[in-house]
S.K.: 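Structure provided below as structure tokens; questions to follow.
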Amino acid sequence: MPKTKLPKRPAALFDLDGTTLDTIKDITNSFNRSLARLGFPGHTQAEYKSWVGKSTLEICLDALPDDNRTEENGQKLLDLFTEDYKIHRMDETEPYPGIPELLNELKRR
């Protein structure tokens, strides 16, 4: 089968969450509000930052106290976090320094 040649178009692809946008404050706040709703203590922004890259359910399990780390509690926390983050995901999220200028320059080119 012959290959179809596509027209060349310049493109740039970026991951938003944690690459161009600093989202860790909103992630931390949503997790900690959700943990509080379940009666559990929260964690520092540094702790959440160290967990980023795992699945959200894995982060939920890591965030639970050892003696309450069950699949059921992990799912409850995941549901609460998902609900909270939908509402608060842009409260403190902002682009990293230099990103708006980079995007403007790419658009200009």
S.K.: Taking only Lys NZ, Arg NE, NH1 and NH2, and the carboxylate oxygens of Asp or Glu, determine whether Asp84 and Arg33 approach each other closer than 4.0 Å.
M.R.: yes
S.K.: Looking at OG1 of Thr28 and CD of Glu47, how far apart are the two atoms once the value is rounded to the nearest 0.5 Å?
M.R.: 9.5 Å
S.K.: Report yes if some heavy atom in the side chain of Ile24 is under 4.5 Å from a heavy atom in the side chain of Val52; otherwise report no.
M.R.: yes
S.K.: Are Glu83 and Arg37 close enough that some pair of their side-chain heavy atoms sits under 4.5 Å apart?
M.R.: yes
S.K.: What heavy-atom pair brings Thr70 and Leu64 nearest, and what distance separates the two atoms?
M.R.: O-CD1, 4.2 Å
S.K.: Verify the cluster assignment for Ile59 and Leu38: are they in a single hydrophobic cluster under the rule of side-chain heavy atoms below 4.5 Å apart?
M.R.: yes
S.K.: Ignoring hydrogens and angles, tell me if any N or O in the side chain of Arg109 forms a donor-acceptor pair with the backbone of Leu106 under 3.5 Å.
M.R.: no
S.K.: To the nearest 0.5 Å, tell me how far Leu35 CG sits from Leu80 CG.
M.R.: 9.0 Å
S.K.: Do the side chains of Lys76 and Asp79 get close enough for a salt bridge, i.e. N-O under 4.0 angstrom?
M.R.: no
S.K.: Is the NZ atom of Lys54 crowded by more than 12 outside heavy atoms at less than 6.0 Å?
M.R.: yes
S.K.: Distance check, rounded to the nearest 0.5 Å: Thr23 atom OG1 versus Glu92 atom CD?
M.R.: 11.5 Å
S.K.: Heavy-atom count check: over 12 atoms from other residues, nucleotides or ligands less than 6.0 Å from Arg69 CZ?
M.R.: yes
S.K.: Is any side-chain heavy atom of Leu61 closer than 4.5 Å to one of Glu71?
M.R.: yes
S.K.: As an exercise, state the distance from CG of Leu78 to SG of Cys60, rounded to the nearest 0.5 Å.
M.R.: 4.5 Å
S.K.: Can you tell me how far CG of Asp62 sits from CG of Leu57, rounded to the nearest 0.5 angstrom?
M.R.: 10.0 Å
S.K.: Got a sec, which residues hit ring pair (Phe, Tyr, Trp, His ring centres under 6.0 Å) with Tyr48, two or more places apart in sequence or on another chain?
M.R.: Phe31, His43, Trp51
S.K.: Examine Tyr96 and Leu21 and state if one hydrophobic cluster contains both, with Ile, Leu, Val, Met, Phe, Trp and Tyr joined whenever side-chain heavy atoms are less than 4.5 Å apart.
M.R.: no
S.K.: Under the 3.5 angstrom rule, does the side chain of Asp22 hit a backbone N or O of Thr93 as a donor-acceptor pair?
M.R.: no
S.K.: Could you measure the distance from the CG atom of Asp26 to the OH atom of Tyr85? Nearest 0.5 Å is fine.
M.R.: 6.0 Å
S.K.: Quick one about Glu58 and Ser55 (side-chain donor to acceptor, distance below 3.5 Å, no hydrogens or angles considered), yes or no?
M.R.: yes
S.K.: Tell me, with the steps shown, if Asn32 and Phe40 meet side-chain contact (heavy atoms from CB on, under 4.5 Å).
M.R.: CA-CA 9 Å; Asn32 285 343; Phe40 300 131; over 6 Å; no
